[in-house]
Colleague: 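There's a structure below that I have some questions on.
For the numbers below, each heavy atom of this structure counts, side chains included, while hydrogens, waters and symmetry mates do not.
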Amino acid sequence: MRLTAQEVYDKLVNEDGILQLEGQIKFYLGDVNIIVKQRDVVGNIMQEWLQGWLDKRGIEYAPSENTQMPPDFFLKSR
């Protein structure tokens, strides 16, 4: 399915209610468990989550070849 950036935004906000959702990032290593609070890792994790969200819904995209520069994904225009 091809969607524009606006249509993806509308699905996230209006259909999935993403603005009302809460989440946590947990990390486990050995016998130590933490909830990650540093904001610099959140962007990377949200990028991977968004890719999973797009895949699960069958929305077409192409990842950027330059992972150090935005945008992270290219959506097909209609």
Colleague: For D10 and Q6, which I'm curious about, is there any donor-acceptor pair between the side chains at under 3.5 Å?
Modeller: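 Yes, side-chain donor-acceptor contact under 3.5 Å.
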Colleague: Would you say L21 ends up clustered with L19 if hydrophobic residues are merged whenever their side chains have heavy atoms under 4.5 Å apart, either directly or through other cluster members?
Modeller: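 Per the 4.5 Å side-chain linkage, L19 and L21 are co-clustered.
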Colleague: Do W53 and L50 have side chains that approach each other closer than 4.5 Å (heavy atoms only, starting at C-beta)?
Modeller: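 Answer yes - side chains close enough.
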Colleague: State which residues pass ring-ring contact (aromatic ring centres under 6.0 Å, His included) with F73; sequence neighbours excluded, sorted by chain then number.
Modeller: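 For F73, the residues satisfying ring-ring contact (aromatic ring centres under 6.0 Å, His included) (neighbours in sequence not counted) are Y61.
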Colleague: Can a donor-acceptor pair be found, under 3.5 Å and without considering hydrogens, that links the side chain of E48 to the backbone of I45?
Modeller: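 No; zero donor-acceptor contacts below 3.5 Å.
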Colleague: Under a 4.5 Å cut-off applied to non-hydrogen side-chain atoms, are V36 and I34 in contact?
Modeller: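 Yes. Closest side-chain heavy atoms under 4.5 Å.
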Colleague: First locate atom CD1 of I59, then atom CE of M1, and finally report the distance between them rounded to the nearest 0.5 Å.
Modeller: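 Those atoms lie 5.5 Å apart.
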Colleague: Looking at L75 and E60, what are the two nearest heavy atoms and their distance?
Modeller: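 So the minimum-distance heavy-atom pair works out to CD2-O, 3.7 Å.
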Colleague: So I35 and I25, do their side chains get closer than 4.5 Å, heavy atoms only?
Modeller: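 I25 vs I35: side chains apart.
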Colleague: Flag the pair L3 / K11 as yes when at least one side-chain heavy-atom distance between them is below 4.5 Å, and no otherwise.
Modeller: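 Heavy-atom side-chain distance check passes, below 4.5 Å.
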Colleague: Considering non-hydrogen atoms only, spot the tightest contact between P71 and S64 and give its length.
Modeller: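 Answer, listing the atom of P71 first, then S64: O-CB, 3.0 Å.
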Colleague: Quick check for you: to the nearest 0.5 Å, what is the distance between M46 atom CE and Q51 atom CD?
Modeller: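 One gets 13.0 Å once the value is rounded to the nearest 0.5 Å.
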Colleague: Report yes if the side chains of R57 and D16 come closer than 4.5 Å at any heavy-atom pair, otherwise no.
Modeller: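 SC-SC contact between R57 and D16 confirmed.
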